[in-house]
**Q** 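Below: one structure in structure tokens.
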Amino acid sequence: RQPNGSNHLSASSVTTGSTLAASSHALTITTDAIALGGNVSGSGALVIQPKTASTTIGIGSGITSTSCGGAVCTLAINDTELGYLQNGFSAITLGSTAGTGAIAYTTSADYTFNDPLTIRSSSGTITATSALNTATNSLTINSGGAVTVAAITSGTLAVTGTGITLNGDIATSGTQTYTGAVTLGNSITASSTGASSAGNNISFSSTVNGAVANTQSLTLNAGTTGVISVTGAVGGSTTLATLTLTNSYQFTFSAAVTTG
């Protein structure tokens with residue numbers, strides 16, 4: 001245990017034979033390989049991060065031998081092990097602020113994180129081919145590399161990457177913030193209304209483009225009180241088929257909007 005009362009396990013490989021209870025203390029597991037044999041619980045923050053900066057991370061049983069940038073994911077957490085992460089942590093963080101290895105998220109079955117979730121990397125790509133669901137808890141995806149996501153359900157959502165590709169619809173009960181140029185891999189609906197028509201702000205810090213000219217459409221719904229703001233051009237390099245604002249209190253587009 002650290003002087004501040006936190007628990008820190010650090011080793012090249014970490015294996016738990018049964019339950020691991022952190023009580024009210026924060027728990028950080030720093031390792032390049034992990035095998036969880038039972039429930040992991042606590043009410044503090046849980047961090048699982050690589051010991052070596054270049055270690056790749058695979059989350060979910062759908063991970064293949066090429067999921068992490070064409071290579072095997074070294075630090076692998078399968079569906080069963082995800083299920084061992086018990087509800088009650090103040091936050092769950094996967095990845096490291098110093099990480100350079102790719103992170104992949106592909107589950108074999110739908111999974112919901114019951115606590116606020118952060119997936120992070122310094123410069124590695126983060127690719128989610130399965131839907132990410134944190135219910136009404138916050139979701140933060142942060143990398144100095146490219147970020148690609150499928151559908152998302154969350155509370156407050158913040159996505160940061162050198163390039164952000166959206167391949168599925170986004171539904172949040174909190175604000176949505178995209179920091180980095182966005183590409184639509186498919187036609188996308190981004191709604192921040194959750195269970196309430198009031199809605200929340202949706203903001204894009206940079207450009208929004210399609211993947212193929214005049215093919216992908218974007219629909220935005222910020223509810224009756226949410227504000228939509230887009231700083232960069234929309235369809236500037238690859239035009240969208242359509243742009244639809246279903247609802248918003250007000251909207252600001254700071255550059256040109258081009259659709260087919």
**Q** Show, in sequence, the C-alpha distance, side-chain angles and deciding distance for Leu20 and Leu9, and conclude whether the side chain to side chain contact (heavy atoms under 4.5 Å, CB included) test is met.
**A** CA-CA 11 Å; Leu20 178 59; Leu9 304 177; 4.2 Å; yes
**Q** Do Val147 and Thr160 come within less than 4.5 Å of each other through their side chains, counting heavy atoms only?
**A**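 Heavy-atom side-chain distance check fails, nothing below 4.5 Å.
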**Q** Looking at Asn209 and Ser237, would you say the former's side chain and the latter's main chain have a donor-acceptor pair under 3.5 Å?
**A**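 Checking the backbone N and O of Ser237 against the side chain of Asn209, a donor-acceptor pair under 3.5 Å is found.
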**Q** For Ser12 and Lys51, which I'm curious about, is there any donor-acceptor pair between the side chains at under 3.5 Å?
**A**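 No donor-acceptor contact under 3.5 Å links the two side chains.
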**Q** Val208 pairs by side-chain contact (heavy atoms from CB on, under 4.5 Å) with which of Leu243, Val230, Thr238?
**A**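 Only match with Val208 under side-chain contact (heavy atoms from CB on, under 4.5 Å): Val230.
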**Q** Have Asn214 and Thr239 got a donor and an acceptor in their side chains that come within less than 3.5 Å?
**A**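 Result is yes, a qualifying pair exists.
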**Q** Under 3.5 Å, is there a donor-acceptor pair between the side chain of Thr177 and the main chain of Ser203?
**A**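 A pair under 3.5 Å: no.
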**Q** Any side-chain to backbone donor/acceptor pair from Gln86 onto Asn39? Under 3.5 Å, distance only.
**A**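 Side chain of Gln86 to backbone of Asn39: no pair is present.
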**Q** Just distance, no hydrogens or angles: give the donor-acceptor pairs under 3.5 Å from side chains in residues 244-260, sequence neighbours left out.
**A**
none

**Q** Are Leu75 and Ile34 close enough, and set up right, to give a side chain to side chain contact (heavy atoms under 4.5 Å, CB included), and what steps lead you there?
**A** CA-CA 6 Å; Leu75 176 53; Ile34 195 168; 3.6 Å; yes
**Q** Judged by atom type as modelled, is there a donor-acceptor pair below 3.5 Å linking the side chain of Ser192 to the main-chain atoms of Thr172?
**A**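 No: the side chain of Ser192 does not pair with the backbone of Thr172.
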**Q** If you compare all heavy atoms of Ser90 against all heavy atoms of Ala45, which two are closest, and at what distance to 0.1 Å?
**A**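 Closest pair (atom of Ser90, atom of Ala45, distance): OG-N, 3.2 Å.
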**Q** According to the ring-ring contact (aromatic ring centres under 6.0 Å, His included) rule, which pairs have a member within residues 152-195, sequence neighbours left out?
**A**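 Sorted pair list: Tyr178-Phe204.
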**Q** Indicate yes or no for a side-chain donor-acceptor contact from Ser61 to the backbone of Ser108 under 3.5 Å, with no hydrogens or angles considered.
**A**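 Not a single qualifying donor-acceptor pair exists.
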**Q** Name all pairs fulfilling the ring-ring contact (aromatic ring centres under 6.0 Å, His included) condition that reach into residues 111-154, sequence neighbours left out, sorted by first residue then second.
**A**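 Checked against ring-ring contact (aromatic ring centres under 6.0 Å, His included) - neighbours excluded - the pairs reaching residues 111-154 are Tyr111-Phe113.
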**Q** Between Thr140 and Ala158 (side chain of the first, backbone of the second, donor and acceptor by atom type, cut-off under 3.5 Å), is there such a pair?
**A**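 Answer holds: no.
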**Q** Answer yes if the side chains of Asp32 and Thr52 hold a donor-acceptor pair under 3.5 Å, and no otherwise.
**A**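 A pair is found: one side chain offers a donor N or O, the other an acceptor, under 3.5 Å apart.
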**Q** Sequence neighbours left out, what pairs pass ring-ring contact (aromatic ring centres under 6.0 Å, His included) with at least one residue falling in residues 61-91?
**A**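 As it turns out, there is no ring-ring contact (aromatic ring centres under 6.0 Å, His included) pair with a partner in residues 61-91 once direct neighbours are skipped.
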**Q** State plainly whether one hydrophobic cluster holds both Ile63 and Ile119, where clusters connect Ile, Leu, Val, Met, Phe, Trp and Tyr through side-chain heavy atoms under 4.5 angstrom apart.
**A**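 Ile63 does not cluster with Ile119.
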**Q** Looking at Ala109, is its backbone amide N or carbonyl O close enough to the side chain of Thr107 to form a donor-acceptor pair, meaning the two atoms are under 3.5 Å apart?
**A**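 Indeed, once roles are kept as given, a pair shorter than 3.5 Å links the two residues.
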**Q** Minimum heavy-atom separation for Thr55 to Pro50, with atom names?
**A**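 Reported closest heavy-atom pair: CB-CB, 3.7 Å.
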**Q** Can a donor-acceptor pair be found, under 3.5 Å and without considering hydrogens, that links the side chain of Gln216 to the backbone of Ala213?
**A**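 A pair under 3.5 Å: no.
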**Q** Are Val47 and Ile77 connected, step by step, through hydrophobic side chains (Ile, Leu, Val, Met, Phe, Trp, Tyr) whose heavy atoms are closer than 4.5 Å?
**A**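 Different clusters.
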**Q** Could you give the side-chain donor-acceptor pairs of residues 180-190 under 3.5 Å, partners two or more places apart or in another chain?
**A**
from   : atom 1 : to     : atom 2 : distance (Å)
Asn186 : ND2    : Asn167 : O      : 2.9
Ser187 : OG     : Ser217 : N      : 3.0

**Q** Evaluate the criterion side chain to side chain contact (heavy atoms under 4.5 Å, CB included) for residue pair Leu139 and Ile152; output intermediate values, then yes/no.
**A** CA-CA 9 Å; Leu139 173 60; Ile152 288 176; 3.8 Å; yes
**Q** Answer with yes or no whether the hydrophobic clustering places Val149 together with Ile57; edges join I, L, V, M, F, W, Y residues whose side-chain heavy atoms lie under 4.5 Å apart.
**A**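 Per the 4.5 Å side-chain linkage, Val149 and Ile57 are co-clustered.
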**Q** Under the criterion side chain to side chain contact (heavy atoms under 4.5 Å, CB included), I'd like the reasoning laid out for Gln176 against Asn200: C-alpha separation, chi angles, the key distance, then a yes or no.
**A** CA-CA 8 Å; Gln176 296 181 25; Asn200 299 275; over 6 Å; no
**Q** So does Gly95 get a backbone contact from the side chain of Arg120, meaning a donor-acceptor N/O pair under 3.5 Å?
**A**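 Side chain of Arg120 to backbone of Gly95, a donor-acceptor pair under 3.5 Å: yes, one is there.
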**Q** Would you check if there is a donor-acceptor pair between the side chains of Thr129 and Thr106 at a distance under 3.5 Å?
**A**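 Present: a donor and an acceptor within the cut-off.
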**Q** Assess whether atom CG of Asn87 is packed by more than 12 heavy atoms of other residues, nucleotides or ligands within 6.0 Å.
**A**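 More than 12 within 6.0 Å, yes.
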**Q** Between atom CG of Leu46 and atom OG1 of Thr28, what is the distance when rounded to the nearest 0.5 Å?
**A**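 Nearest 0.5 Å value for the CG-OG1 distance: 7.5 Å.
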**Q** Taking all atoms of both residues into account, what is the closest heavy-atom pair of Ala53 and Ala98, and its distance?
**A**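 Answer, listing the atom of Ala53 first, then Ala98: CB-O, 3.4 Å.
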**Q** Any pair with a residue in residues 34-64 that passes ring-ring contact (aromatic ring centres under 6.0 Å, His included), sequence neighbours left out, goes on the list, sorted by first then second residue, please.
**A**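 Sorted pair list comes back empty.
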